[in-house]
Structures are given as C-alpha cells and as structure tokens.
Amino acid sequence: MPAQVQRHPLAAQTASLLLARIRDGEWPLGHRLPGETTLAAQLGVGRSTLREAIRELAGKGVLDSRQGAGVFVTALDVAEDWDTVLRRSTIVSVIEARIAIEAEAAALAATRRTPADLRTIRRTLVARGVVGQSVPDHVDADMAFHRAVIAAAHNDVLTQLFDAFLPRLRLAMIDMLKIKPIASEPCDHALHQQLADAIVARDPEAAAAASRTHLSSLKESFA
C-alpha cells in the first residue's frame, strides 16, 4: 500500500513535467513522443509511472496512446472547463463568441427550420416584445427567443455552447439594463423581428446579417 501511495504523486509530477515540455513546444501537435524506455529514462521514472502519467494526460485530451503506433500529442494544453473560462472572460468576449455562434445558427435556422420551430420563434418573439416587463423577465424572454433561433438550427453543439453562456450572460444583461436601459426598445425589437422574418423567408444571408447587427450593437453597449 505505501508504494501505491507514493506512486500516484510521482505519476502526477511526471504528467506535469510532460505537459510543461509540450507547452514549451518540444513536441508539436500531432508529434509522436519518444519510446517508453527512452522517455522514462529522460524523466528518471519507472515505466509504470510513465504509463500512469500518460494515462492521466490522455484522460485530459492532451495525449493519445495508439496501439502499436505510440503516444501522440493531441492538444498543447489541458482545456479548462467552461465555468472557469466564463468566470474569467469579460462580457464583451462572451458577446463576441455569441456573434460567431448565433450568426451561423441563424443562417442554419433559415434553411432547417420546421413549422414547430417557427411557432416557437414567433411565440418567444411576442413574449420578448411585451411592454412593461421587469428587467429580469425581459432578459429571460429575450434569451428564450435567441435559444429558439439556435434550436431551429438543429445543431446540438451550437445549442450546448449557447446554454453554457446563458448563466453569465443573463446576469450581465440584467445588471447592464438596470444601469443603462435600451435606448429604443422598438428599434431593438425590430432587429429581432428582422431576424425572425429572414428565418421565415428561408434567407440565410439576411438571417446571419440580422443576428450579427443586433449582437454587434449589444457589444457596443458593454464596451
């Protein structure tokens, strides 16, 4: 048992050393690492410890051990989880990412939307246009509309990316609108109407442009 307890920290240290060398560019993306015997000798550890370190980095997506071919670099660093990335990002960065995601989603929605999608888009558009809503209710209605557009793209990855942004975006929008209300709610709603109309008309270029225009103006509000 004591040998196992000691081995795990050593394997973790070995994984950290390997990751540091990958970050420093010693082994580029797609490159095969030296053989197990050579690498273990370089690091001054046993082969079992090296294997454990490689398994750890493989589990984090940095390495890929291919039977009979060797161990290859598949990422240059450990990916942070979404929560950590979003906590550190500015709201402008989040909106820039939304522009990339939602403009493409709007174009896809214009070509892939179903009658059920259009009903949801129309319903959420009406809900976000209700006059006299509280700020949180308006933000929730607005988010529901944008999510309906993304759902109409029928791309699960885009939907999950948007859902990852939602919590941080919602709080930031509520805070901003309490301090700085939208200059012209009719104009803002008209931009959303244009987006919905383009999706109804099966016009992907117009849908992407409407999405980009709206979100770019939102970005300017936070800048």
Measure across [X] and [Y] and return the closest heavy-atom pair with its distance rounded to 0.1 Å.
X      : Y      : result
Ala196 : Leu125 : CB-CD2, 3.9 Å
Arg128 : Ala141 : CA-CB, 3.6 Å
Ala53  : Ala11  : CB-O, 3.5 Å
Ile199 : Ala106 : CG1-O, 4.1 Å
Ala207 : Ala107 : CB-N, 4.3 Å
Ala153 : Ala105 : CB-O, 3.5 Å

| query | Considering the options Val149, Ile150, Ile95, which one meets the side chain to side chain contact (heavy atoms under 4.5 Å, CB included) requirement together with Glu102? | reply |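 When Val149, Ile150, Ile95 are each tested with Glu102, the side chain to side chain contact (heavy atoms under 4.5 Å, CB included) holds only for Ile150.
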In one Ile/Leu/Val/Met/Phe/Trp/Tyr side-chain cluster, 4.5 Å: [X], [Y]:
X      : Y      : result
Leu195 : Leu191 : no
Phe162 : Ile121 : no
Leu171 : Leu161 : no
Phe145 : Val135 : no

Side-chain contact, heavy-atom cut-off 4.5 Å: [X] with [Y]?
X      : Y      : value
Thr14  : Glu52  : no
His154 : Leu108 : no
Arg98  : Leu218 : yes
Leu18  : Leu39  : yes
Arg55  : Ser65  : no
Arg122 : Val200 : yes

| query | Do you see a donor-acceptor pair shorter than 3.5 Å between the side chains of Asp117 and Thr114? | reply |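 Note: Asp117 and Thr114 side chains meet the donor-acceptor criterion.
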| said: Applying side-chain contact (heavy atoms from CB on, under 4.5 Å) to His192 and Asp142, what does each step give before you reach the verdict? | reply: CA-CA 9 Å; His192 290 76; Asp142 182 65; 3.0 Å; yes
| query | Does CG in Asp156 sit with more than 12 non-hydrogen atoms of other residues, nucleotides or ligands closer than 6.0 Å? | reply |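 Counting neighbours around CG of Asp156, 12 or fewer heavy atoms of other residues, nucleotides or ligands fall under 6.0 Å, so no.
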| query | Is Arg66 close enough and on-axis enough to Phe72, meaning under 6.0 Å and within 45°, for cation-pi? | reply | yes
To the nearest 0.5 Å, how far apart are [atom1] in [X] and [atom2] in [Y]?
X      : Y      : atom1 : atom2 : answer
Glu96  : Leu215 : CD    : CG    : 11.5 Å
Gln194 : His189 : CD    : NE2   : 11.5 Å
Ser134 : Asp140 : OG    : CG    : 8.0 Å
Ile22  : His31  : CD1   : NE2   : 10.5 Å
Thr49  : Leu10  : OG1   : CG    : 4.5 Å
Ser217 : Asp188 : OG    : CG    : 7.0 Å

Ignoring hydrogens and geometry, is there a side-chain-to-backbone donor-acceptor pair from [X] to [Y] under 3.5 Å?
X      : Y      : result
Ser216 : Thr213 : no
Arg113 : Leu118 : no
Thr124 : Thr120 : yes
Gln160 : Val157 : no

| request: List the steps and the verdict of side-chain contact (heavy atoms from CB on, under 4.5 Å) for Asp197 and Asp203. | output: CA-CA 9 Å; Asp197 289 346; Asp203 187 337; over 6 Å; no
| Worked check of side-chain contact (heavy atoms from CB on, under 4.5 Å) between Leu169 and Val139 | CA-CA 9 Å; Leu169 185 65; Val139 170; over 6 Å; no
| said: What I want to find out is whether Arg147 reaches Asp163 closely enough, with some N-O distance under 4.0 Å, to be called a salt bridge. | reply: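 Result for this pair is yes, salt bridge flagged.
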| said: Check Arg32 with Asp64, please: is the shortest side-chain N to carboxylate O separation under 4.0 Å? | reply: no
| query | Taking the six-membered ring for Trp, is the centroid-to-centroid distance between His146 and His214 below 6.0 Å? | reply |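 Here the rings of His214 and His146 have centres that are less than 6.0 Å from each other.
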| task | Apply the test side-chain contact (heavy atoms from CB on, under 4.5 Å) to residues Gln42 and Arg21: give CA-CA distance (whole Å), side-chain angles for both, the deciding distance (0.1 Å), then the verdict. | result | CA-CA 12 Å; Gln42 286 180 9; Arg21 291 171 70 174; 2.8 Å; yes
